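Quick caveat, the model's predicted, so the values are computed rather than measured. Excluded from the calculations below are hydrogen atoms, water molecules and symmetry mates; all remaining heavy atoms, backbone and side chain alike, are included.
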Amino acid sequence: MSTTIELRELSTRLEEALALVRSGREVILTEGATPRARLVPCGEPGERVPGLHPGAFQAAADFDAPLPEDFWVGQG
């Protein structure tokens with residue numbers, strides 16, 4: 001189920017809109033009769049799974065090498 005709130009009213013009804021979204025409902029923001037945005041609850045983040053993209057990142061061979069001196073004095 002969704003609730004519609006006019007954009008001009010949002011500043012005075014923000015707490016109400018957030019309470020509705022926290023309770024799992026959808027809020028449609030309109031400008032006149034035109035829908036402009038939809039507020040929906042965020043889903044819980046999923047569990048991170050290591051190793052999904054093996055080989056996607058490769059460090060450069062000189063990754064551990066010291067930075068050049070001109071980097072530290074702002075010339076690089």
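A continuous path of hydrophobic side-chain contacts links L18 to L10 [ILVMFWY only; heavy atoms under 4.5 Å]. Under the 4.5 Å side-chain heavy-atom criterion for ILVMFWY residues, a single connected hydrophobic cluster contains both L29 and L14.
In summary, the side chains of R25 and S2 do not present any donor paired with an acceptor at a separation below 3.5 Å, with no hydrogens or angles considered.
The salt bridge (Lys or Arg N to Asp or Glu O under 4.0 Å) test applied to R8 returns E6, not counting sequence neighbours.
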Using distance only, find each side-chain donor-acceptor pair of residues 32-51 under 3.5 Å and give its atom names and separation, not counting sequence neighbours.
from : atom 1 : to  : atom 2 : distance (Å)
R36  : NE     : E31 : OE1    : 2.8
R36  : NH2    : E31 : OE1    : 3.4
R38  : NH1    : E26 : OE2    : 3.1

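Nearest approach of I5 to V27, heavy atoms of both residues: CD1-CG1, 3.8 Å.
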